[in-house]
Chemist: 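Here it is, the structure in full.
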2 protein chains.
Amino acid sequence: MALAEAILVCLTERPMSGYDLAKNFDASIGFFWRASHQQIYRELGRLREKGYVLSEEVSQNGKPNRIIHTLTPAGKKALRDWSTKPAKHPSLKDDLLVKFYALENVDLDALKDQMTIRIEQHQTKLVKYVRIKERYYDGKDLDLTQKGKLIVLEQGILQESQTIERLEDMMVKLGNL
Amino acid sequence: MALAEAILVCLTERPMSGYDLAKNFDASIGFFWRASHQQIYRELGRLREKGYVLSEEVSQNGKPNRIIHTLTPAGKKALRDWSTKPAKHPSLKDDLLVKFYALENVDLDALKDQMTIRIEQHQTKLVKYVRIKERYYDGKDLDLTQKGKLIVLEQGILQESQTIERLEDMMVKLGNL
DNA sequence: GGCAACATGTAACTTGTTACATGATTCC
DNA sequence: GGAATCATGTAACAAGTTACATGTTGCC
């Protein structure tokens, strides 16, 4: 289970509230590990119990109070330990490909529409990644952590553009049946 | 939830036992939808209750009895209905990329080892796909369903080889830090 | 005799999703 | 006045994992 670790990874950057984390999981780290705010709050509770994070309430003028979670030395150690354990193969589950597996029992027009939507989703992602790269990484001096993030970002950019190409190819094949 | 539908899709091909389905989820359809035998048996129970499959015990000489599940017309209809509903974005969760996100808090040598293993896993998959294509699809006359499977298979082959390239590129970058 | 493959399941637990619940501030 | 964003959570349920449980046949 790497949700715990994904949260710890986020907190290496800076202490954050559950809300901040949820936004992060919608943006940066969420590009390859998605989690809802409910999951994050539940997991934060467990991390607190284990002593991997320290949670402190901070009052803000006007706005509701925030609870800021800070990575503890124990949390940092847990993260390093986890990093040495073998990575699991990523879980793959794709509706769309399942549908291709029984073309005779499927609505082909609906499938084409879904392909179009899927392609657009990947294009949106691609644009997002490229913008982030240009804004935060291009032409900057980077430390080790930033270099790691850049590697992932560049791999994401490649992956998205290749995925789009493959989906477009599938669309053509679907049209020529 | 598409596990139910993935099972129904498998059963369009031919009636099968839970054991057969589990093997299928280890091989063909499992390339983009993984499920354990426990999940499959549980789901088969539900599909039976809904009337989407018909389950009949068949005795075999010597071997333990098998329970053969057949897709019903209601199941076929459910499948077509499902096919028109929007596909979900595939769930992405990748340990390995999470680890890249906090390079300073991670064991770099261990990470490299994990990358090597990951690359090998994709190579194994690639070989498997290519063999299946050669053995069952190349130079054959194909019906609609087989054509759909071939499309997925070819997209899988491309995906795997591109993934291997990207991972190798990441390895090089990791070495040059 | 032992191991792999065949064959089907239950139980306990962890993860992930959907819906509900509340309340403040800021911008239009 | 209404919508969006900020901010935190609970409850119920669905899906996925791990461990347990049992018994056969066929091959070496």
Side-chain angles (χ1 to χ4, degrees), chain A residues 1-7 15-27 29-30 32-50 53 55-69 82 85-95 98, chain B residues 1-7 15-27 29-30 32-50 53 55-69 82 85-95 98:
Chain A
M1 183 241 4
L3 172 58
E5 285 83 6
I7 291 175
M16 280 187 232
S17 68
Y19 188 81
D20 292 334
L21 283 163
K23 271 195 306 177
N24 254 274
F25 274 80
D26 248 30
I29 202 171
F32 43 89
W33 200 283
R34 236 176 262 138
S36 60
H37 83 273
Q38 294 89 336
Q39 259 182 290
I40 289 166
Y41 282 115
R42 181 168 55 183
E43 198 61 43
L44 277 171
R46 288 179 203 156
L47 290 172
R48 190 166 43 233
E49 273 174 39
K50 284 187 192 164
V53 303
S55 310
E56 290 170 302
E57 196 159 357
V58 176
S59 49
Q60 304 178 106
N61 39 357
K63 288 184 194 170
N65 292 355
R66 321 174 71 215
I67 296 168
I68 301 295
H69 309 275
W82 166 76
K85 285 189 220 147
K88 294 178 188 159
H89 34 227
S91 78
L92 31 100
K93 308 230 152 185
D94 196 340
D95 268 26
V98 174
Chain B
M1 185 244 359
L3 171 58
E5 286 83 6
I7 291 175
M16 279 187 233
S17 68
Y19 189 82
D20 292 335
L21 282 163
K23 271 195 305 178
N24 254 274
F25 273 79
D26 249 29
I29 202 172
F32 44 90
W33 200 283
R34 236 176 262 136
S36 60
H37 82 274
Q38 295 88 337
Q39 259 183 291
I40 290 166
Y41 282 114
R42 180 167 56 184
E43 198 61 44
L44 278 170
R46 288 180 203 153
L47 289 172
R48 189 167 43 234
E49 273 172 39
K50 284 187 190 164
V53 304
S55 310
E56 289 170 303
E57 196 159 357
V58 177
S59 49
Q60 306 179 106
N61 40 356
K63 287 184 196 171
N65 290 356
R66 319 174 71 214
I67 297 168
I68 301 294
H69 308 275
W82 165 76
K85 284 190 221 148
K88 294 178 188 159
H89 33 227
S91 79
L92 31 99
K93 307 230 153 186
D94 196 339
D95 267 27
V98 173

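Worth knowing before you read on, the calculation uses all heavy atoms, side chains too, and leaves out hydrogens, waters and symmetry mates. Lettering of chains follows the sequences in order, A, B, ..., and the numbering in each one begins at 1.
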Chemist: Show me the side-chain donor-acceptor pairs of residues 35-42 of chain B shorter than 3.5 Å, one per line, residues at least two apart or across chains.
Modeler:
from, atom 1, to, atom 2, distance (Å)
Ser36(B), OG, Gln38(B), OE1, 3.4
Gln39(B), OE1, Ser36(B), N, 3.4

Chemist: Report the distance from atom CE of Met16(B) to atom C1' of dC6(C), rounded to the nearest whole Å.
Modeler: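 Whole-Å distance recorded here is 16 Å.
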Chemist: Quick one: bend of the helix from dG1(C)-dC28(D) to dC28(C)-dG1(D) from 5 pairs per end, to 10°?
Modeler: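 The angle separating the two end axes equals 30°.
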Chemist: With sequence neighbours left out, write down each residue that passes side chain to side chain contact (heavy atoms under 4.5 Å, CB included) with Ser91(B), or none if nothing qualifies.
Modeler: Ser91(A), Lys93(A)
Chemist: May I ask you to verify if any side-chain N or O of Tyr19(B) is less than 4.0 angstrom from the OP1 or OP2 atom of dC6(C)?
Modeler: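 For dC6(C), OP1 or OP2 has a side-chain N or O of Tyr19(B) closer than 4.0 Å.
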Chemist: Please state how far atom CZ in Arg34(B) lies from atom P in dT18(D), giving the value in whole angstrom units.
Modeler: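 To the nearest whole Å, that distance equals 12 Å.
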Chemist: Let me know the distance between CZ of Arg66(A) and P of dT25(C), rounded to the nearest Å.
Modeler: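 Distance, rounded to whole Å: 16 Å.
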Chemist: Rounded to the nearest angstrom, tell me the gap between atom CG in Leu21(A) and atom C1' in dG9(D).
Modeler: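 These atoms are roughly 15 Å apart.
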Chemist: With a 4.0 Å cutoff (strictly under), does any side-chain N or O of Lys93(B) reach OP1 or OP2 of dT15(C)?
Modeler: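 The answer is no; no side-chain N or O of Lys93(B) sits under 4.0 Å from OP1 or OP2.
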Chemist: My understanding is that only residues two or more places apart in sequence, or in another chain, count here; which of them pass salt bridge (charged side-chain N to carboxylate O under 4.0 Å, His left out) with Arg46(A)?
Modeler: Glu43(A)
Chemist: In this structure, how many angstroms lie between the P atom of dA15(D) and the CG atom of Leu47(B), rounded?
Modeler: 11 Å
Chemist: In chain order, what residues pass the ring-ring contact (aromatic ring centres under 6.0 Å, His included) check against Phe32(B), with sequence neighbours excluded?
Modeler: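 Partners of Phe32(B) under the ring-ring contact (aromatic ring centres under 6.0 Å, His included) test: Tyr101(A).
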Chemist: Name the residue closer to the 5' end of DNA chain C, choosing between Asp20(B) and Ser91(B) according to the nucleotide with the nearest heavy atom.
Modeler: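 Looking at the nearest nucleotide for each, Asp20(B) comes out on the 5' side.
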Chemist: Quick one: list whatever passes salt bridge (charged side-chain N to carboxylate O under 4.0 Å, His left out) with Asp20(A), sequence neighbours left out.
Modeler: Arg66(A)
Chemist: How long is the line joining CZ of Phe25(A) and C1' of dT17(C), in whole Å?
Modeler: 16 Å
Chemist: Considering residues at least two apart in sequence or located in another chain, which fulfil the side-chain hydrogen bond (donor to acceptor under 3.5 Å, both in side chains) criterion with Glu57(B)?
Modeler: Asn65(B)
Chemist: Please round to the nearest 0.5 Å and tell me the distance separating atom NZ of Lys23(B) and atom OG of Ser17(B).
Modeler: 7.5 Å
Chemist: Please give me the minimum heavy-atom distance between Phe25(A) and Leu3(A), naming the atom from each residue.
Modeler: CE2-CD1, 4.0 Å
Chemist: Could you tell me which residues satisfy side chain to side chain contact (heavy atoms under 4.5 Å, CB included) with Glu49(B), sequence neighbours excluded, listed by chain and number?
Modeler: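 Glu49(B) satisfies side chain to side chain contact (heavy atoms under 4.5 Å, CB included) with no other residue.
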Chemist: Can you check the Leu92(A) CG to dG16(D) C1' distance for me, whole Å?
Modeler: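 Going from Leu92(A) (CG) to dG16(D) (C1'), I get 14 Å.
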Chemist: By nearest nucleotide on DNA chain C, pick out whichever of Lys88(B) and Ser17(B) is the more 5' one.
Modeler: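 Of the two residues, Ser17(B) wins.
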Chemist: Round to the nearest Å and state the distance from Glu57(B) atom CD to dT8(C) atom C1'.
Modeler: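 Distance, rounded to whole Å: 10 Å.
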Chemist: Considering only heavy atoms, which members of residues 36-44 of chain B lie under 4.0 Å from some atom of DNA chain D?
Modeler: Ser36(B), Gln38(B), Gln39(B), Arg42(B)
